[in-house]
Amino acid sequence: MPAVKSSNGPVAVTGASGYIGAHTVISLLQRGYEVRACVTDLSNPHKTDFLKRLNGRYEGSVTLHQANLLEAGSYDDIFAECSAVLHVGQPMGYAGNNNPQEVYDGSVGGIANITDSIDKAGTIKRLIYTSSFAAIGHPAAPGHKFTEGDWASDNREGDMHWNTDNLVNKGEVGYAMGKVACERHVNRAAEENGGYEAISVNPCVVLGPLLSPIHELKGSWQFFLGLMLAGKPCQRGWQALWNIVDVRDVGEAQARMIESDIPSNGTRYMLCATDDSGEITAQQLHEHLQELFPHIEVGGVLPEYEEMIQKYGKPYDAPRAHCDKVRNELGLKTYDVMDTLKSTGETMIDLKLVEPNLR
Ligand SMILES: NC(=O)c1ccc[n+]([C@@H]2O[C@H](COP(=O)([O-])OP(=O)(O)OC[C@H]3O[C@@H](n4cnc5c(N)ncnc54)[C@H](OP(=O)(O)O)[C@@H]3O)[C@@H](O)[C@H]2O)c1
């Protein structure tokens, strides 16, 4: 099936004002696409102004459109005449905005509205679905090297938590189950439609430049990195590894996914560490940040981290995963992890999201 070109018509991005969505918009603009950026609230300048300002800076152009995943038919007019849909947005749990049940219901309920609107448009050739590494990672021995062949639903026999009962009390399970269900849905919907292919992208720990203060996202990886620059210890993911990918690479990869002839319906691409240098412990994260920001007293590790090291010698050796497939098949050139950490911290300071703990 032919891939997409900018001359084929507009492309639509859901969640366009979000951290990953905005970088996806930029990658498409750089290629000359006419981008229909979907936001939930056109009257919120924090979510719209920075997107409007992208016009004139790149070959392509962006228009803003209001739509909500949870309303059937909301994307009908926006997707009309589009050649591709990049479905990035979904209700998230950041800052406690949605509980895990709402996250699950929003992702699974919303995806049907997306594929229904694609069916009605009849012009879409590619749907790129932003899934997550959460749809890949599953119970495995430490050091297990995850690939696109892994599913979060693997090795769950006897796991009493892996079901949709009482999701509100089960944290990440709702998010992961929602991502798995949505991937399965888009693959099935594309097959039934026959006119487009669905491809999923599975990012792990996404960091890199923030384009707007709204990208701070309380509870996100960047939020906790910002706290370290403010002198607080690493409080997220310290029991294991931060498997880091640059948000610019996630955006660029998604643009490549609509244009490449290589993927087909059901193809998945992990967006995660390029190599071992992108799989770091909380202690290494502290050391990297301290090297990059020598004038700041960067927060270290929690006492619980020290206790864990005394007991086990090192943090849990997971998740191990490299983005070889997207680099080999789509020619993605990834950012060095030090560049990613630096740009995250610098933009958070520039946007006044962090008051650095100066030395
Ligand atoms: N950040 C990561 O580390 C990471 C890792 C793996 C996967 N992901 C996935 O990447 C995607 C983007 O996440 P993000 O980190 O960039 O978070 P984000 O900045 O909060 O983006 C989420 C977007 O979803 C949109 N959204 C929320 N509820 C919606 C609704 N009812 N209808 C339509 N749009 C809605 C929001 O749009 P408005 O702003 O217009 O309300 C927002 O732009 C998500 O699917 C997430 O699961 C993120």
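Below, each value reflects all heavy atoms present in this structure, side chains not excepted, and no hydrogens, waters or symmetry copies.
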**Request:** Determine the minimum heavy-atom distance between C204 and C272, stating which atoms define it.
**Result:** CB-CB, 3.9 Å
**Message:** Whether the side chain of Q222 engages the backbone of H215 through a donor-acceptor N/O pair (distance < 3.5 Å, no angle test) should be reported.
**Reply:** yes
**Flag side-chain contact, heavy atom, 4.5 Å: N243 against F133** = no
**Message:** For the residue pair H322 / D276, report whether a side-chain donor-acceptor contact shorter than 3.5 Å exists.
**Reply:** yes
**Item:** F146 six-ring centre to R320 NZ/CZ under 6.0 Å and within 45° of normal
**Value:** no
**Item:** Non-hydrogen atoms of M92 and N98 that approach each other most closely
**Value:** O-ND2, 2.7 Å
**Item:** Aromatic Y94 / basic K218 pairing, under 6.0 angstrom, 45° off normal
**Value:** no
**Item:** Closest contact, heavy atoms only, C38 versus I78
**Value:** SG-CG2, 3.8 Å
**Asked** Is the backbone of A321 close enough, under 3.5 Å, to the side chain of E279 for a donor and an acceptor to pair up by distance?
**Response** yes
**Request:** Could you pull out the closest heavy-atom pair between A152 and A134, with the gap in Å?
**Result:** CB-O, 3.1 Å
**Request:** Quick one: sort the F293 and H295 rings into parallel, tilted or perpendicular, breaks at 30° and 60°.
**Result:** tilted
**Request:** Decide if atom CD of E191 counts as having more than 12 heavy atoms of other residues, nucleotides or ligands within a radius under 6.0 Å.
**Result:** no
**Prompt:** Regarding R156 and the six-membered ring of W151, is the cationic atom NZ or CZ under 6.0 Å from the ring centre and inside 45° of its axis?
**Reply:** no
**Request:** Identify whether L330 and Y335 are in the same connected component of the hydrophobic contact network (ILVMFWY, side-chain heavy atoms under 4.5 Å).
**Result:** no
**Message:** Applying salt bridge (charged side-chain N to carboxylate O under 4.0 Å, His left out) to K325 and E148, what does each step give before you reach the verdict?
**Reply:** CA-CA 8 Å; K325 185 176 175 186; E148 284 81 356; 5.1 Å; no
**Message:** Less than 3.5 Å apart, any donor N or O on the side chain of E259 or Y33 sitting next to an acceptor on the other?
**Reply:** yes
**S220 side chain vs E216 backbone, donor-acceptor pair below 3.5 Å** = yes
**Request:** Please determine if R256 and E252 form a salt bridge, counting it only when a charged side-chain N lies under 4.0 Å from a carboxylate O.
**Result:** yes
**Asked** Below 4.0 angstrom, N of the basic side chain to O of the carboxylate: do E197 and R126 qualify?
**Response** yes
**Prompt:** Is the number of heavy atoms from other residues, nucleotides or ligands within 6.0 Å of CG (N44) greater than 12?
**Reply:** yes
**Request:** May I ask you to decide whether E183 forms a salt bridge with R268, counting only side-chain N to carboxylate O separations under 4.0 Å?
**Result:** yes
**Prompt:** Partners of Y104 by ring pair (Phe, Tyr, Trp, His ring centres under 6.0 Å), sequence neighbours excluded?
**Reply:** none
**Request:** Quick one: do S200 and S131 satisfy side chain to side chain donor-acceptor pair (under 3.5 Å)? Show the steps, please.
**Result:** CA-CA 6 Å; S200 293; S131 182; 5.4 Å; no
**Fill in**
Rounding to 0.5 Å, atoms CZ (R36) and OG (S61) come to a distance of 10.0 Å
**Message:** With a 4.0 Å cut-off on N to O distance, would you call R31 and E59 a salt bridge?
**Reply:** no
**Hphob cluster co-occupancy, M160 + V180, side-chain heavy atoms under 4.5 angstrom** = no
**Message:** If you count every heavy atom of other residues, nucleotides or ligands that lies below 6.0 Å from K170 atom NZ, does the total exceed 12?
**Reply:** yes
**Request:** Output the distance between atom CG (L332) and atom CE (M257), rounded to the nearest 0.5 Å.
**Result:** 8.0 Å
**Selection residues 114-123 - residue pairs positive for side-chain hydrogen bond (donor to acceptor under 3.5 Å, both in side chains), sequence neighbours left out** = D76-S117, D76-K120, T115-H185, D119-N193
**Message:** Surrounding CD of E306 (heavy atoms of other residues, nucleotides or ligands, distance under 6.0 Å), is the total greater than 12?
**Reply:** yes
**Item:** side chain to side chain donor-acceptor pair (under 3.5 Å) involving H87 - partner list, sequence neighbours excluded
**Value:** T14
**Message:** Donor-acceptor check, side chain of T347 to backbone of L210, threshold 3.5 angstrom: yes or no?
**Reply:** yes
**Asked** Is the closest side-chain heavy-atom distance between P209 and D246 below 4.5 Å?
**Response** yes
